Amino acid sequence: MSQFGELVLLIGDLHIPQRSVDLPDKFKELLVPGKVQHILCTGNVGNREHSDWLKSLAANVHFARGDFDEGISLPEQKLITIGDWKIGLIHGHQVIPWGDKEALSNIQRMMDCDLLVSGHTHNSSVESYDGKHFVNPGSATGAYSPLTSDVKPSFFIVALQGRDATTFLYELVDGNVSVVKGTLSKSS
Amino acid sequence: MEEDQDKILEEAVSIVKKEAFQMQRALDASDMREALKNASSMISEMKTSSMSPKTYYQLYMTVFDQMSRLENYFLEEYRRGRKISDLYEKVQHASSILPRLYLLVAVGSVYITTRELPAKAILKDLIEMVKGIQHPMRGLFLRYYLNKVCKEKLPDKGSEYDTDGEGTNDSVDFLLTNLSEMNRLWVRMQHTGTVKDKTKREKERNDLRVTVGENIVRLSSLQGLTLELYISTVLPKILEIITSSKDSISQQYLIDCIIQAFPDAYHLHTLEPFLETLPQLQPTVDIKSILVNLLTRLADYAGEGDLDIVKSIDIFGLIKKAVDGIITEQAGGTETKALLQLQVAFIRLSLKCYPLNTQYVNEILNSSVIIVDKANSSGNLDGESLKLIVKLLSFPLETMSLAILTMNNYPKLMGYLQFSSRKQVAFKIVEAVVISKRTLDSVDTVEQLLHFIVPLLVDGNDSEPSEAYEFEGEQQNVAKLVHLVIANTPEAFLSIFHKFFTIFSKGGHSRIIYTYPSLLFAYLKFLKLLDDQEVEIDLMETLKTIHDILTTIAQISPDNAIKLGLQCVLCINSFKTNSNYGQAAAEFIKQIISLYQEELADTNSKFTTVNLLCGAASRIHCIDSGTHEEIINVILQFASRQLKKSDQCYSIAYCTHLFYNENFHEREKVAGCLNKAAGIARICSKNPRNVGLFVTLLNKFIYFYIQAPGSVDSDLINGITEFINGQINGEFDQDAKVQVSEARVYMKNTVRFIKSRQSEGRLKEIIA
């Protein structure tokens with residue numbers, strides 16, 4: 001495990017049972033306890049059982065408040081430091097315009113993070129802008145969103161090693177898991 | 001009595017040990033004659049009639065150990081040249097019959113090893129000779145001894161003693177004969193002694209049963225025992241021994257031995273003869289527990305192996321006949337629980353052998369209904385029985401889930417359960433359907449399903465409240481069902497949704513809070529699907545239903561209704577094909593606005609709602625411009641009326657996006673908003689904790705300076721920058737420290753951002 005550095009799962013917008021029944025079986029086979037050290041959840045899990053499930057997968061689990069998270073008090077945003085990396089976590093419905101690069105960039109400046117993780121759009125992406133990095137894990141269940149057509153179930157695993165990071169986007173495409181790799185570096 | 005037995009044993013054992021010692025001395029001195037005398041005396045202790053089987057067994061074990069030494073000596077004697085046939089003859093001179101026979105068996109077992117005569121011949125002689133002991137207990141132990149010493153010496157296939165290839169048959173003969181004789185002795189024990197000793201006798205018989213069962217164990221371990229031999233000879237003969245004894249203790253035990261000892265595959269092949277034997281047994285034999293034992297083993301076996309045999313033998317038919325016979329006889333009596341246990345074992349087997357056969361399951365449920373109905377009429381339906389009914393209804397769900405809807409006996413059986421059990425079964429049904437992810441594609445299926453799970457959906461006459469956690473889990477699972485709906489036509493979709501809507505609406509607020517939101521999203525997904533597939537139909541009915549759903553939710557949670565309402569608006573907004581529903585979208589927004597005005601009281605709620613309204617409304621393009629302008633102005637008002645000044649400032653800043661976005665470009669309004677926000681921020685600036693507000697505003701100003709050139713003046717920006725720089729440097733109170741340091745970092749990053757743009761040649765008028 002140490003050869004990969006610290007592993008972080010980025011996941012969110014499950015919306016179970018309001019918009020989805022469950023995560024894809026192939027995702028459930030991959031997401032087992034002990035695989036990652038940290039979990040950052042963008043919010044909108046939808047029910048207690050799945051929040052508990054996420055908490056059982058790793059020692060360090062962080063949640064941000066999604067617009068449909070109620071009855072539980074969760075932070076609007078959170079800054080998590082892992083090794084050399086400062087990672088910001090926010091659901092993203094607060095950031096207007098939704099999914100806008102400049103608006104998210106502003107949040108990055110405010111939180112002073114190297115990597116900003118946000119959700120809400122159900123559209124997975126990883127982008128670098130002005131030397132900082134932005135990841136959206138999408139919806140782990142492929143839940144409906146009026147903002148995105150054809151939502152595919154997705155999540156990210158990020159491996160942090162020193163000042164480098166490798167991102168793995170897991171997506172369910174036509175019933176199979178596709179993994180797309182990328183690399184990021186913390187700017188000086 | 002106990003102490004007597006201990007004393008008697010102690011005495012006997014001490015004599016045995018004394019004689020054994022003498023015997024060993026004689027053997028050491030090669031005095032065979034003397035040794036045999038001592039052996040005889042030793043064995044004679046087993047002539048006793050005053051020991052219980054348990055005590056006798058202990059004596060037997062002590063003697064058995066000594067006999068082993070003697071056997072070894074006999075073998076050595078043979079190797080030294082003594083003729084074994086001489087020895088075989090010599091031991092028959094012992095004066096008393098019991099020692100004589102034990103010694104004969106000992107020599108006989110050695111005789112077999114010498115291979116001077118075929119094993120078959122010796123065994124035949126021995127089995128004949130031991131008839132000499134007709135006393136039940138002593139006879140059983142003698143024959144048990146015979147089995148033990150000849151254990152490795154049976155002429156089984158592949159053994160060195162199989163001289164003519166017929167070895168297995170000879171061994172089978174031997175063992176069956178021994179079994180028959182031992183059973184006879186054992187049964188005879190039942191009839192000796194007085195009536196009042198019956199309990200004691202039966203207990204003693206029980207203690208001795210292993211000696212008889214040993215024969216069956218030996219038979220099952222024969223290497224040469226094939227399925228054919230089992231079917232043709234072994235099983236029929238054992239069954240004959242069992243039925244002819246007419247003794248229920250023997251029958252119960254030996255049938256059980258058969259089931260335990262022989263392979264499950266053999267049992268599947270011999271189901272017919274086996275089942276036919278059962279009605280011939282004594283009435284006091286517990287056939288139900290025998291069957292439960294057998295069926296359970298077969299189900300476990302069927303779960304692991306391949307099942308070609310299932311195709312060649314009608315296992316279901318055979319068992320059903322046997323089971324139905326028992327039910328006809330015993331239903332309505334006191335055996336309800338046992339009958340249901342039998343049904344449970346049967347259904348398990350059926351599911352393992354015929355995993356997709358719903359008709360078979362329905363038939364088993366049918367006979368279960370008969371049992372339960374009769375029990376109910378005679379008042380014999382207790383809690384244990386009800387638990388078994390729940391099991392009967394739960395097992396099929398694992399492999400069949402929705403297929404249970406085709407079984408007419410399923411709801412009939414469910415009807416006998418009390419509310420909490422019905423709910424338990426209903427929950428298992430929902431769970432099975434959700435886990436299997438079966439698509440719900442027909443109105444009939446859904447109607448049936450909802451009928452089956454009604455205890456979860458509405459309060460009934462005998463309802464009991466659930467514990468909160470449990471209730472939430474139940475309702476969330478029910479809510480998932482709507483997402484399994486995939487129909488072929490829009491009409492079918494809508495009919496199915498309508499079924500759900502109808503039943504959900506009867507669930508009361510406690511359920512609606514879970515079920516309605518899911519149904520709403522199911523509708524939205526459906527509408528999007530239609531739009532994607534370019535299906536143009538009239539959506540007004542559906543939109544009206546959605547509106548009603550929102551209205552109901554609003555009565556329970558206005559907050560939730562607002563959020564869900566916004567989703568509906570955004571959905572309509574995303575239509576490409578059905579693009580003339582702007583009016584409907586406007587209606588939804590008006591509903592949201594009035595909810596905000598009338599129902600929201602919480603300050604925090606209002607703040608987060610204004611933020612959501614801005615985020616959503618800034619994307620809307622499907623509403624006519626007049627209404628659109630009205631709505632935007634209302635939202636701006638909401639923003640301005642936030643309770644906290646800082647909230648006002650942020651909210652008005654959000655509103656800028658209402659005026660300038662993909663669809664609208666009202667630069668002047670943007671400037672107006674930002675100036676207003678700046679004014680409020682200035683008022684807030686008295687509190688040093690609010691310095692962050694200014695940095696946020698600065699970033700907003702810069703955002704629009706770049707995105708919407710001409711909307712913001714550079715002087716304004718520079719003014720703010722100067723103001724901020726004046727505020728964030730210097731000393732501050734402890735309680736503002738965190739906010740100020742955060743603001744400093746934010747500002748630093750903002751300055752860096754400005755400078756990086758300037759290095760590209762932009763933002764020239766800005767002073768960073």
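Lettering of chains follows the sequences in order, A, B, ..., and the numbering in each one begins at 1. Keep in mind it's a predicted model, so treat the numbers as computed, not measured.
- A 4.5 Å side-chain heavy-atom check between B:Q567 and A:R19 finds at least one atom pair inside the cut-off.
- In this structure, the portions of A:D112 lying under 4.5 Å from any heavy atom of chain B include both its backbone and its side chain.
- Rounded to the nearest 0.5 angstrom, B:F753 CZ and A:S105 OG are separated by 6.0 Å.
- Rounding to the nearest 0.5 Å gives a distance of 11.5 Å between OG of B:S518 and NE2 of A:H15.
- Summarising the local packing, CD of B:E467 is surrounded by more than 12 heavy atoms from other residues, nucleotides or ligands at distances under 6.0 Å.
- Because its NZ or CZ atom is both nearer than 6.0 Å to the ring centre of A:F68 and within 45° of the ring axis, B:K563 counts as a cation-pi partner of that residue.
- Side chains of B:K528 and A:S149 form a contact here, defined as non-hydrogen atoms less than 4.5 Å apart.
- Residue contact with chain B, scored on non-hydrogen atoms closer than 4.5 Å, is absent for A:D150.
- Summarising the geometry of B:Q476 relative to A:G46, their closest heavy-atom pair is NE2-O, 4.1 Å, with the distance given to 0.1 Å.
- Within the 4.5 angstrom heavy-atom criterion, only side-chain atoms of B:K437, from C-beta onward, approach chain A.
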| Given A:D130 and B:R757, is the side-chain contact (heavy atoms from CB on, under 4.5 Å) satisfied, shown in steps? | CA-CA 10 Å; A:D130 277 347; B:R757 285 292 170 277; 3.0 Å; yes
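- The greatest number of non-hydrogen atom pairs below 4.5 Å with chain A, out of B:P517, B:S574, B:C571, is found for B:C571.
- No side-chain heavy atom of B:F521 sits less than 4.5 Å from a side-chain heavy atom of A:S20.
- With rounding to the nearest 0.5 angstrom, the CD atom of A:E70 is 4.5 Å from the CG atom of B:N560.
- Summarising the local packing, NZ of A:K28 is surrounded by more than 12 heavy atoms from other residues, nucleotides or ligands at distances under 6.0 Å.
- For the pair B:Y746/A:N106, a side-chain contact is recorded, criterion being any heavy-atom separation below 4.5 Å from C-beta on.
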| request: Go through the steps for A:D100 and B:Y703 under the test side-chain contact (heavy atoms from CB on, under 4.5 Å), then give the verdict. | output: CA-CA 11 Å; A:D100 182 70; B:Y703 177 90; 3.5 Å; yes
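- The candidate from B:N611, B:T696, B:V434 with the greatest count of non-hydrogen atom pairs under 4.5 Å with chain A is B:N611.
- For B:Q707, the part lying near chain A is the side chain, with the backbone staying farther off; criterion is any non-hydrogen pair under 4.5 Å.
- Contact annotation for A:S145: neither backbone nor side-chain heavy atoms come within less than 4.5 Å of a heavy atom of chain B.
- Atom CG of B:L612 and atom CD of A:Q94 lie 8.5 Å apart (nearest 0.5 Å).
- Residue A:E49 does not touch chain B at all, counting heavy-atom pairs closer than 4.5 Å.
- Side-chain contact between A:R109 and B:N699 is present, with heavy atoms from C-beta onward closer than 4.5 Å.
- Counting heavy-atom pairs closer than 4.5 Å to chain A, the top-ranked of the candidates B:G615, B:C614, B:A479 is B:G615.
- The pair A:D22-B:K480 fails the salt-bridge criterion, with no side-chain N (NZ, NE, NH1 or NH2) lying under 4.0 Å from an Asp/Glu carboxylate O.
- For A:L147, the parts sitting under 4.5 Å from any heavy atom of chain B are the backbone and the side chain alike.
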| request: Using the side chain to side chain donor-acceptor pair (under 3.5 Å) rule, take A:N47 and B:Y514 through it: C-alpha gap first, then chi angles, then the decisive distance, then the call. | output: CA-CA 10 Å; A:N47 70 92; B:Y514 296 103; over 6 Å; no
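- Note that the OG1 atom of B:T608 and the CZ atom of A:R65 stand 5.5 Å from one another [nearest 0.5 Å].
- Among B:L570, B:V482, B:L520, the residue with the largest count of heavy-atom pairs under 4.5 Å with chain A is B:L570.
- In terms of non-hydrogen atom pairs under 4.5 Å with chain A, the most contact-rich of B:G473, B:A616, B:S557 is B:A616.
- With a threshold of 4.5 angstrom between heavy atoms, B:A522 does not approach chain A through any atom at all.
- The distance from atom CD1 of A:I96 to atom CZ of B:R619, rounded to the nearest 0.5 Å, is 11.0 Å.
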